[in-house]
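Count residues from 1 along the sequence. Start at 1 and go down the list; that is how both ligands and their atoms are numbered.
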Amino acid sequence: MSTLSPTRRVYIETYGCQMNVADSEVVGGILSTHGYALTGDIADADIVLVNTCAIRENAEQRIYGRLGLFSTYKRRNPGMLVGVLGCMAERLRSNLLEDELVDLVVGPDEYRKLPDLVERAFAGERGVAVRLSRVENYDDLTPLRTDGVCAWVSVMRGCDKFCSFCVVPFTRGRERSRSLESIVGEVRDLAVKGFREITLLGQNVNSFRDGSHDFAELMRKVASVDRSMRIRFTTSHPQDMSQRLIEAIAEEVNICKYVHLPVQSGSDRILGLMNRTYTVDHYRRLLHRIRKAIPGVALSTDVISGFPSESGADHRMTVDLIRELRFDFAYTFKYSPREGTKAWEMEDSVPEEEKGRRVWEITELQHAIALEQNRELIGTTVRVLVEGPSRKSPHEYTGRSDTNKTVVFPHTDEQPGELADVRIDRANSATLFGVRAGDAIGAASQSLRETAA
Ligand code: SAH
Ligand code: SF4
Ligand code: F3S
């Protein structure tokens with residue numbers, strides 16, 4: 001199809017959530033089938049693509065910083081193309097062309113047009129493609145993945161929830177799901193290629209529905225492809241966390257016992273203004289049901305501090321809820337007004353400094369809770385999927401437990417992709433440290449894996 005030289009090299013940089021990571025692999029797949037080669041070296045690239053996030057103002061500021069850097073490369077290599085993809089492309093559209101550096105602006109549903117747009121841009125025609133689609137799910141395309149241990153599989157796109165603070169329904173458009181058959185086919189292929197962990201992705205993954213199957217059925221089917229492969233999913237909205245899904249997580253041995261369930265606030269008044277469609281009590285009961293059905297389950301959440309009109313009393317309700325529910329992780333964000341959302345019309349009443357103070361208070365509390373939770377694991381043995389050398393030392397390996405805790409242990413003879421049983425002897429709020437448990441346990445895990453396979 002392409003008349004371009006096959007030696008043109010593309011460098012892709014990815015920001016934002018895992019959906020963007022998965023999308024960049026789709027983009028890599030599209031461009032490589034059109035004769036482009038991927039490069040990890042920006043200085044070597046003919047095309048630089050940045051896949052962007054628009055969730056908060058600071059995410060966008062970071063991208064502007066990167067564009068500044070790209071301009072220094074472009075000065076050295078004036079023929080180089082720069083393209084902005086993803087959510088910021090969708091939000092800002094042709095406004096991004098005001099920067100002379102930018103040659104292409106392509107939204108999340110228009111990636112099939114990239115080869116054509118790139119070709120035109122090389123001929124001097126700058127391009128914008130930002131139409132959102134009700135059907136595009138890239139179901140038939142094979143993402144270009146580097147071989148590894150963990151793979152991301154996007155199963156649905158878009159979001160219909162319209163939380164009042166959130167830009168995602170505007171940058172990603174309406175909800176649409178792939179078919180169960182094609183997802184299961186892709187997972188089968190990944191198992192053959194040696195991937196050991198699959199994370200099913202969607203902005204609202206548990207509202208997956210392909211006409212005949214719901215998300216609980218999809219999870220069970222994916223889990224049955226290869227019992228030695230771990231299955232995860234992210235992110236869920238509390239409203240769609242069905243009993244059927246909870247049962248699937250509890251019953252299927254290789255579905256990881258970890259649920260990320262954003263609560264956002266501990267105040268019913270704020271939850272109402274956020275359009276979250278649940279109350280604190282509904283959320284609390286849901287968490288109890290999950291904990292009862294799935295012993296040892298790890299739970300994490302997202303919180304926004306400083307939403308319009310959030311008072312000191314509202315904030316204290318959130319702090320109290322975090323203290324009560326004892327999550328394993330919590331990500332706390334300062335509220336950032338996004339143009340076009342419902343909350344944009346509300347007064348951004350909490351001063352930046354106060355937002356920062358509230359975030360700090362919740363983060364400190366959560367650190368203390370996570371430290372306590374992690375210390376309780378000292379002396380126990382945790383099964384870890386080995387991902388590779390740890391960042392701090394080549395003599396250590398890092399991996400994650402079933403419950404998504406990072407575990408670091410001395411490098412012995414295992415390879416990335418293997419399971420290791422690690423006896424925990426030390427913990428901080430973010431990481432567990434230990435040594436490989438005795439050979440007897442190692443052998444048992446080996447035979448267990450063989451039976452499972
Ligand atoms: N679909 C996911 C969330 C994706 S965005 C879900 O509903 O769970 C990830 C997190 O970013 C959200 O959970 C929220 O806590 C935060 N977030 C989204 N919009 C934000 C904004 N305008 N300001 C601050 N944080 C925001
Ligand atoms: Fe945004 Fe809400 Fe949709 Fe999550 S569920 S992506 S927070 S609108
Ligand atoms: Fe960001 Fe878009 Fe994901 S706004 S969080 S990259 S869906």
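Contacts between Q203 and ligand 3, counted as non-hydrogen atom pairs separated by less than 4.0 Å, involve the side chain only. The proximity of C87 to ligand 3, defined as any non-hydrogen pair under 4.0 Å, is limited to the side chain.
Using a 4.5 Å cut-off on side-chain heavy atoms (C-beta onward), R358 and V350 make contact.
Salt bridge absent: E247 and R289 never bring a charged side-chain N and a carboxylate O closer than 4.0 Å.
N374 and K405 share a donor-acceptor pair across their side chains, judged by distance under 3.5 Å alone. In this structure, a donor-acceptor pair under 3.5 Å is absent between the side chains of T398 and E387. No hydrogens or angles considered: a donor-acceptor pair under 3.5 Å links the side chains of D314 and S267. Checking H315 against E361 by side-chain atom types alone, a donor-acceptor pair falls below 3.5 Å.
Excluding waters, the set of protein N, O or S atoms lying under 2.8 Å from atom 2 (Fe) of ligand 2 comprises C163 SG.
Both tests pass for R8 against the ring of F122: distance under 6.0 Å to the centre and angle within 45° of the axis.
Of all the heavy atoms in S212 and E217, the pair that sits closest is O-OE1, 4.0 Å.
For the salt bridge (charged side-chain N to carboxylate O under 4.0 Å, His left out) with D109, the lone residue among R131, R174, R157 that qualifies is R157.
Per-residue contacts place N20 under 4.0 angstrom from the following atoms of ligand 3 (heavy atoms of the residue considered): 6 (S). Close approach to C53 involves these atoms of ligand 3, each under 4.0 Å from a residue heavy atom: 1 (Fe), 4 (S), 5 (S), 6 (S). Atoms of ligand 3 found under 4.0 Å from any heavy atom of C17, numbered from 1 in the order shown, are 3 (Fe), 5 (S), 6 (S), 7 (S).
Remark: distances from the non-hydrogen atoms of M19 to ligand 3 are all 4.0 Å or more. Heavy atoms of A54 come nearer than 4.0 angstrom to ligand 3 in at least one pair.
Within the structure, ring pair (Phe, Tyr, Trp, His ring centres under 6.0 Å) contacts touching residues 166-199 (residues at least two apart or in different chains) are F162-F170.
Listed by chain and residue number, R120 satisfy the side chain to side chain donor-acceptor pair (under 3.5 Å) test with D116 (two or more places apart in sequence, or in another chain).
Taking the six-membered ring for Trp, H260 and Y331 have ring centres closer than 6.0 Å.
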Need the list: ligand 1 N/O atoms against protein N/O atoms, distance under 3.5 Å, rounded to one decimal.
residue: ligand 1; atom: 1 (N); partner: Q203; partner atom: O; Å: 2.6
residue: ligand 1; atom: 11 (O); partner: R56; partner atom: NH1; Å: 3.1
residue: ligand 1; atom: 13 (O); partner: Q264; partner atom: NE2; Å: 2.8
residue: ligand 1; atom: 13 (O); partner: D302; partner atom: OD2; Å: 2.7
residue: ligand 1; atom: 15 (O); partner: Q264; partner atom: OE1; Å: 2.7
residue: ligand 1; atom: 17 (N); partner: R56; partner atom: NH1; Å: 3.4
residue: ligand 1; atom: 22 (N); partner: F165; partner atom: O; Å: 3.0
residue: ligand 1; atom: 22 (N); partner: S336; partner atom: O; Å: 2.8
residue: ligand 1; atom: 23 (N); partner: S336; partner atom: N; Å: 3.0
residue: ligand 1; atom: 25 (N); partner: R56; partner atom: NH1; Å: 3.2

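Counted within 6.0 Å of CZ on R269, heavy atoms from surrounding residues, nucleotides or ligands total more than 12; the atom is thus considered enclosed.
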